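Have a look at the structure below before the remarks.
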Amino acid sequence: QVKFVESGGGLVQPGGSLRLPCKVSGFTLDPITIGWFRQAPGNEREGVSSFSGRDGTTFYADSVKGRFTISGDKAENTVYLQMNNLKHEDTAVYYCAPALIVTTRDGPRLAGARPDGSWGQGTQVTVSS
């Protein structure tokens, strides 16, 4: 019933841009925070950015600050991740999911989980020259 569907991935050259939408169905953005996560082969899934539907608060991982921008469109029930100045290290499968910011001794970290326990296929972003 509750779905989080990401799309918009593709192949892009270094320095290029992509915009990833996360479509939420079965729920509204108002009471939740939506996060974007990514996972490269052999790596742990990491939180990239989040948007609070309640108050508009945003979060960005240090690796993407100044390059990525997250926003929400409540009418469309969609959260967008605008990715600019893409680098090779941004290559990964990107996912969206309900999220929260947790505090660790290394700094804030974004954690998330899908209601059905499955992260699905995600959307592939490949940055290559």
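Because the structure is predicted, anything quoted here is derived from the model rather than measured.
For N43, there are no side-chain hydrogen bond (donor to acceptor under 3.5 Å, both in side chains) partners, not counting sequence neighbours.
Atom CZ of R67 and atom CG of L86 lie 6.5 Å apart (nearest 0.5 Å). For the atom pair S50 OG and L100 CG, the distance stands at 9.0 Å (nearest 0.5 Å). Rounding to the nearest 0.5 angstrom, the gap separating the CG atom in L20 from the CG atom in L18 is 6.0 Å.
Between P21 and T78, some side-chain heavy-atom pair lies under the 4.5 Å cut-off.
Checked by atom type and distance alone, the side chain of K23 pairs as donor or acceptor with a backbone atom of E76 at under 3.5 Å. Looking at R114, its side chain does come within 3.5 Å of a backbone N or O of C96 through a donor-acceptor pair. With Y60 contributing its side chain and I70 its backbone, the two residues share a donor-acceptor pair below 3.5 Å. When atom types are taken as modelled, the side chain of Q1 and the backbone of G26 share no donor-acceptor pair closer than 3.5 angstrom. Under a 3.5 Å cut-off, the side chain of N77 and the backbone N or O of V24 do form a donor-acceptor pair. For S25 (side chain) and V2 (main-chain N/O), no donor-acceptor pair under 3.5 Å exists by modelled atom type.
In K74, the NZ atom is crowded: over 12 heavy atoms of neighbouring residues, nucleotides or ligands sit closer than 6.0 Å. The environment of CD in E89 is crowded: more than 12 heavy-atom neighbours from other residues, nucleotides or ligands sit within 6.0 Å.
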For a side chain to side chain contact (heavy atoms under 4.5 Å, CB included) check, start with the C-alpha distance between T91 and Q124, then their side-chain angles and the critical distance, and finish with the verdict.
CA-CA 8 Å; T91 296; Q124 176 71 52; 4.1 Å; yes
Between L81 and E6, is a side chain to side chain contact (heavy atoms under 4.5 Å, CB included) present by the stated rule, with each step listed?
CA-CA 10 Å; L81 184 66; E6 58 276 285; over 6 Å; no
Evaluate the side chain to side chain contact (heavy atoms under 4.5 Å, CB included) criterion for residues M83 and Y94: first the C-alpha distance (whole Å), next the side-chain angles of each, then the deciding distance (0.1 Å), finally the verdict.
CA-CA 12 Å; M83 306 186 296; Y94 283 70; 3.9 Å; yes
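Using a cut-off of 4.0 Å between Lys/Arg side-chain N and Asp/Glu carboxylate O, D62 and K65 are scored as salt-bridged.
The same ILVMFWY cluster, assembled from side-chain heavy atoms under 4.5 Å apart, contains both F4 and L29.
A donor-acceptor contact closer than 3.5 angstrom links the side chains of T57 and D55.
Remark: aromatic rings of W36 and F68 are distant, center separation not under 6.0 Å.
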